[in-house]
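Single-structure report; data block below.
What you see is a predicted model; the values in this text were computed from it and never measured. Each residue takes its place number in the sequence, starting with 1. Reckoned from all heavy atoms, side chains included, excluding hydrogens, waters and symmetry mates.
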Amino acid sequence: MHDLPPETPAPELFTWEFATDPYPAYAWLREHAPVRRTTLPSGVEAWLVTRYVDAKRALADPRLSKNPVHHAEHAHAKSKTGIPGERGAELMTHLLNIDPPDHTRLRRLVSQAFTPRRVAEFAPRVQELTDGLIDAFAAKGEADLIHDFAFPLPIYAICDLLGVPREDQDDFRDWAGMMIRHGGGPRGGVGRSVKKMRRYLAELIHRKRDDLGDDLISGLIRASDHGEHLTENEAAAMAFILLFAGFETTVNLVGNGVYALLRHPEQRARLQRSLDAGETGLLATGIEELLRYDGPVELATWRYATEPVRLGGQSVAVGDPVLVVLAAADRDPERFDDPDRLDLSRGDNKHLGYGHGIHYCLGAPLARLEGQAAIGTLLTRLPDLRLAVDPSDLRWRGGLIMRGLRTLPVQFTAVRD
């Protein structure tokens, strides 16, 4: 736990230094201003919620709508909330932006793709992708684990799940790469990539109507044809959000998770011994701990008060945006013992890394599968994996919602056939 004297001044948020290690600032907020109105880098004002008990309550409060129509600010400010580029591409009608009853209907349609049985059936393909990506760099003795591994793995996996033909998946990789740069690419690049993706998905939906398969897009079409009234815009938006939410979270889970293990050699050694013994229990609890300790989603996506809400002693007015800081809640000492310590065998680990309530991440089972396959296989096949740079040389991507490294250069003993 960070020991902060009461006279410690309020920390500066959203700087590059903050992005590198936001946890001391979040500790100050939990202690001194657990629900705090803050001006974001975009100029939009929002409430930040940092304590676990308040965060869990806010995530499940029906008075906090996901629909941006409830944002009280003017249209210019509204364009600065949500997922970059989604408004211009007419992709707003997805699970992260709607409330019941529409949310209930759409979630029911998509949930068929993420049943335990369906995810288990997908496990061999995830393992095949994992091994193939490692094969591509194992003989080199070095790699950037973000670019070479953590990024392509979930892109190809979610494309397979959606039913994107293999010959088109590299286009998705390029578009997705632009979307997660968070300002690091050419001006307007995010918007252009989102529009290209939206056009492609609309065309793919048209094509699949005449050639349905066992993929998720075909499932959405079948549901639409059987009275669920899924519009083409809804189908394209659903496919988009599954791709967007389904890849960047896993990129960051793998990247942040491997980085945490490399910074905690005793925990990494425990896990490697467990894997060498053919055990899976520590890997499973370890993924949950990595999600809690330095998870892929720093702040939950936007919510807007539809009526006055009392939260953490503060009065949230109608139309005010609310951002739940998952990273802060998951380091709350009131909920987790010794929260700043990484413990792969931690019990009672009810973290909020994938949210809570009706908007709990639908793809969490698939992300967990990918995280276990990726991290477990890396440690097994490249047992002397090590950082190739000083930790101070690493940079974290900008952006408000996600938390992830730009690069993760590593070295290891080259493995040749």
Asp171 vs Lys196, test: salt bridge (Lys or Arg N to Asp or Glu O under 4.0 Å). Steps then yes/no.
CA-CA 10 Å; Asp171 287 335; Lys196 288 177 183 178; over 6 Å; no
Where [X] and [Y] come nearest, the two heavy atoms and their spacing:
X	Y	result
Arg30	Ala328	NH1-O, 2.9 Å
Leu326	Gly353	CD1-O, 4.1 Å
Ala414	Ala139	CB-O, 3.4 Å
Phe336	Ala329	CE1-O, 3.8 Å
Asn252	Gly404	OD1-CA, 3.4 Å
Ala367	Tyr354	CB-OH, 3.1 Å

Hey, does the side chain of [X] reach the backbone of [Y] with a donor-acceptor pair shorter than 3.5 angstrom?
X	Y	answer
Arg395	Ser392	yes
Gln169	Val164	yes
Thr380	Gly376	yes
Arg310	Gly313	yes
Arg303	Val322	no
Lys350	Arg335	no
Ser65	Asn67	yes
Asp393	Val389	no
His356	Leu352	no

Can you see whether [X] engages [Y] through a side-chain donor-acceptor pair at a distance of less than 3.5 angstrom?
X	Y	answer
Arg368	Gln372	no
Arg270	Ser345	yes
Thr377	Gln127	yes
Tyr259	Asp294	no
Asp384	Gln411	no
Glu31	Tyr26	no

Heavy-atom count check: over 12 atoms from other residues, nucleotides or ligands less than 6.0 Å from [X] [atom1]?
X	atom1	value
Arg263	CZ	no
His147	NE2	no
Asp348	CG	yes
Asp276	CG	yes
Glu167	CD	yes

Measure the shortest side-chain to side-chain distance between [X] and [Y] over non-hydrogen atoms and say whether it is less than 4.5 angstrom.
X	Y	answer
Arg192	Trp175	no
Val49	Val325	no
Val251	Pro296	no
Leu145	Leu385	yes
Met402	Val297	yes
Glu45	Leu40	no
Val258	Leu378	yes
Leu29	Arg36	yes

Atom [atom1] of [X] and atom [atom2] of [Y]: how far apart are they, to the nearest 0.5 Å?
X	Y	atom1	atom2	value
Asp330	Thr50	CG	OG1	12.0 Å
Arg381	Thr130	CZ	OG1	10.0 Å
Lys66	Ile358	NZ	CD1	9.5 Å
Tyr293	Leu344	OH	CG	11.0 Å
Thr38	Leu48	OG1	CG	4.0 Å
Gln267	Glu289	CD	CD	8.0 Å

For Leu204, run the side-chain contact (heavy atoms from CB on, under 4.5 Å) check against Asp168, Ile217, Asp215 and tell me which one passes.
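Answer after filtering Asp168, Ile217, Asp215: Ile217.
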Quick check: Tyr156 with Phe172 (ring centres under 6.0 Å apart)?
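Here the rings of Tyr156 and Phe172 have centres that are no less than 6.0 Å from each other.
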Please report the C-alpha distance between Leu408 and Leu387 in whole Å, then the side-chain angles of each, then the deciding distance to 0.1 Å, and finally whether the side chain to side chain contact (heavy atoms under 4.5 Å, CB included) criterion is met.
CA-CA 8 Å; Leu408 185 56; Leu387 275 175; 3.6 Å; yes
I would like to know whether Arg51 and Glu334 meet salt bridge (Lys or Arg N to Asp or Glu O under 4.0 Å); could you show each step before the answer?
CA-CA 8 Å; Arg51 285 182 183 167; Glu334 294 297 317; over 6 Å; no
Check Arg166 with Asp160, please: is the shortest side-chain N to carboxylate O separation under 4.0 Å?
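Yes, Asp160 and Arg166 are salt-bridged.
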Electrostatic pair Glu142-Arg386, nearest N-O below 4.0 angstrom:
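Looking at Glu142 and Arg386, the cut-off is not met.
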For the pair Val324 and Asp54, evaluate side chain to side chain contact (heavy atoms under 4.5 Å, CB included) and give the outcome as yes or no after the intermediate values.
CA-CA 9 Å; Val324 177; Asp54 296 327; over 6 Å; no
Would Glu121 and Arg117 satisfy salt bridge (Lys or Arg N to Asp or Glu O under 4.0 Å), going step by step from the backbone distance to the final call?
CA-CA 6 Å; Glu121 290 173 349; Arg117 179 188 63 81; 2.6 Å; yes
Go through the steps for Arg331 and Arg292 under the test side chain to side chain contact (heavy atoms under 4.5 Å, CB included), then give the verdict.
CA-CA 8 Å; Arg331 294 275 192 113; Arg292 183 202 68 82; 4.1 Å; yes
Take Arg346 and Asp337 through the test salt bridge (Lys or Arg N to Asp or Glu O under 4.0 Å) and record every step on the way to the result.
CA-CA 9 Å; Arg346 183 183 294 272; Asp337 292 333; over 6 Å; no
Would Val254 and Phe149 count as a side chain to side chain contact (heavy atoms under 4.5 Å, CB included) if you check the C-alpha gap in whole Å, the side-chain angles of each, and the deciding distance to 0.1 Å?
CA-CA 9 Å; Val254 176; Phe149 185 63; 4.1 Å; yes
Does NZ or CZ of Arg406 come closer than 6.0 Å to the centre of the six-membered ring of Trp396, within 45° of the ring's axis?
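No, cation not above the ring by the 6.0 Å, 45° rule.
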Could you label the plane-to-plane angle of the Phe18 and Phe14 rings as parallel, tilted or perpendicular, counting under 30° as parallel and over 60° as perpendicular?
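Because their plane-to-plane angle is over 60°, the rings of Phe18 and Phe14 count as perpendicular.
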